[in-house]
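First up is the structure itself, then whatever we jot down about it.
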Amino acid sequence: MLTPTRTSVMGAVAVGMLLAAWVAGVPATAAPAAPDPRVGPLFLAGTPIHVCTGSVLDSTDGDLVLTAAHCIAGSGGALSFAPGYDRGVAPFGLWTVSQIYVDPAWLESQDPQHDYAVLRVAPSGTTVPASVESVVGGGFELAPAPEAETTVAVTGYPTLGDSPVSCTAATTSTESYPTVVCDGLGDGTSGGPWVAGPRVVALVGGLDHGGCTDSVSYSPAFGAATLDLLQRAENRGAGDSTPFALPGTCTRS
């Protein structure tokens with residue numbers, strides 16, 4: 001996230017889900033994980049500060065990355081992607097964002113159900129014609145939102161850490177937003193993929209920019225509009241420019 005949006009506020013909905021999780025058993029907790037070459041932090045270009053998480057998509061030209069729209073401002077040129085980043089090392093290099101694609105509903109009103117963005121990236125500091133997907137060994141297939149009780153692995157890079165954390169949990173739904181109850185997914189994990197098999201079916205984002213606490217995370221519900229956005233990026237149309245995301249309100253009761 002470009003600005004912190006997860007606060008210490010916990011609404012009644014989040015409390016209820018956490019209590020339900022305790023009744024069913026101990027809630028899941030994000031733990032340090034081995035880096036996935038397809039997942040990495042988004043850095044403010046030229047700085048050691050990473051603000052969100054992205055994941056490589058399977059695409060025709062192999063140069064597309066998925067993240068949350070609220071992570072992006074302007075045309076995205078102030079960001080670099082570091083797939084597989086771990087403890088200060090970017091084994092697959094840094095990739096500069098050259099274009100961004102966001103849903104028209106996000107541009108118009110920052111509709112949280114369209115809080116996703118597709119980024120086009122190019123290798124930084126080299127003219128070698130390589131794609132990020134070929135370098136990391138593949139990308140995730142973009143797929144529609146998961147049904148309730150789908151087991152997903154959520155991976156992200158906390159802003160104050162230099163290594164990924166991951167959590168495996170079953171999805172639920174909150175006001176039509178896919179939901180995961182898992183402690184430890186805080187600032188910096190926005191945009192992190194929710195993976196089921198070879199597919200990315202959701203990301204940390206959507207309602208309240210992904211959640212008001214570190215214990216409950218949301219996603220926009222991927223659907224036809226999400227797949228249309230990927231197709232627009234695949235067609236290499238003109239990219240978008242988006243204003244800074246408005247702060248999350250966290251006013252649900």
Side-chain angles (χ1 to χ4, degrees), residues 1-8 30-56 63-102 106 110 115-126 132 135-136 154-167 183-193 203-206 208-214 217 239-248 250:
M1 308 174 201
L2 292 178
T3 56
T5 56
R6 290 168 179 249
T7 71
S8 60
D36 185 325
R38 300 165 294 181
V39 181
L42 288 167
F43 283 89
L44 296 177
T47 80
I49 301 169
H50 53 90
V51 292
C52 281
T53 302
S55 58
V56 178
D63 59 354
L64 301 180
V65 171
L66 179 70
T67 192
H70 76 259
C71 292
I72 309 300
S75 59
L79 295 175
S80 295
F81 176 60
Y85 185 83
D86 188 33
R87 291 171 288 187
V89 177
F92 304 100
L94 289 175
W95 299 75
T96 300
V97 176
S98 60
Q99 285 181 304
I100 68 166
Y101 298 89
V102 293
W106 179 264
Q110 297 191 2
D115 184 12
Y116 43 77
V118 176
L119 317 179
R120 174 162 285 110
V121 299
S124 300
T126 178
V132 66
V135 169
V136 304
V154 183
T155 302
Y157 282 78
T159 298
L160 298 180
D162 265 346
S163 298
V165 297
S166 187
C167 178
D183 195 28
L185 295 172
D187 286 333
T189 63
S190 279
L203 56 75
V204 178
D208 294 327
H209 290 181
C212 291
T213 76
D214 292 355
S217 296
D240 297 312
S241 181
T242 181
F244 280 97
L246 300 173
C250 296

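In this chain, numbering begins with 1 at the start of the sequence shown. Keep in mind that this is a model prediction, so the values were computed, not measured.
Between atom CZ of residue Phe81 and atom SG of residue Cys52 there is a gap of 12.0 Å, rounded to the nearest 0.5 Å. Atom CG in Asp214 sits 7.5 Å away from atom OG1 in Thr189 (nearest 0.5 Å). Atom CG in Leu42 sits 7.0 Å away from atom OG1 in Thr53 (nearest 0.5 Å). Rounding to the nearest 0.5 angstrom, the gap separating the CG atom in Leu119 from the CG atom in Leu66 is 8.0 Å. Put simply, OG1 on Thr213 and CG on Leu185 are 9.5 Å apart, with the number rounded to the nearest 0.5 Å. Distance CD1/Ile100 to SG/Cys71: 11.0 Å, rounded to 0.5 Å.
Looking at every heavy atom in both residues, Trp106 comes nearest to Ala245 through CZ2-CB, 4.1 Å. The shortest non-hydrogen separation linking Ser241 to Ser75 is OG-N, 3.9 Å. Between Leu246 and His209, the shortest heavy-atom distance links the atoms O-CE1, 2.7 Å. Counting all heavy atoms, side chain and backbone alike, Trp95 lies closest to Pro83 at CD1-CD, 3.6 Å. The minimum heavy-atom distance between Phe92 and Pro37, with the atom names listed, is CE1-CB, 3.6 Å. The shortest non-hydrogen separation linking Pro164 to Pro35 is CG-CA, 3.8 Å.
Remark: side-chain polar atoms of Ser124 are paired, donor with acceptor, to backbone N or O of Leu94 under 3.5 angstrom. Proximity of a side-chain donor or acceptor of Tyr85 to a complementary backbone N or O of Tyr157 within less than 3.5 Å is not detected. The main-chain N or O of Phe43 is never found under 3.5 Å from a side-chain atom of Ser80 such that the two would form a donor-acceptor pair. Between the side chain of Asp86 and the main chain of Ser163, no donor-acceptor pair closer than 3.5 Å is present. Under a 3.5 Å cut-off, the side chain of Asp162 and the backbone N or O of Arg87 do not form any donor-acceptor pair. In this structure, Gln110 contributes its side chain and His70 its backbone to no donor-acceptor pair below 3.5 Å.
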### Task
Mind running side chain to side chain contact (heavy atoms under 4.5 Å, CB included) on Ile72 and Asp240 for me, showing each step along the way?
CA-CA 11 Å; Ile72 309 300; Asp240 297 312; over 6 Å; no
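The only option from Thr67, Val121, Thr96, Val97 that meets the side chain to side chain contact (heavy atoms under 4.5 Å, CB included) definition with Leu79 turns out to be Val97.
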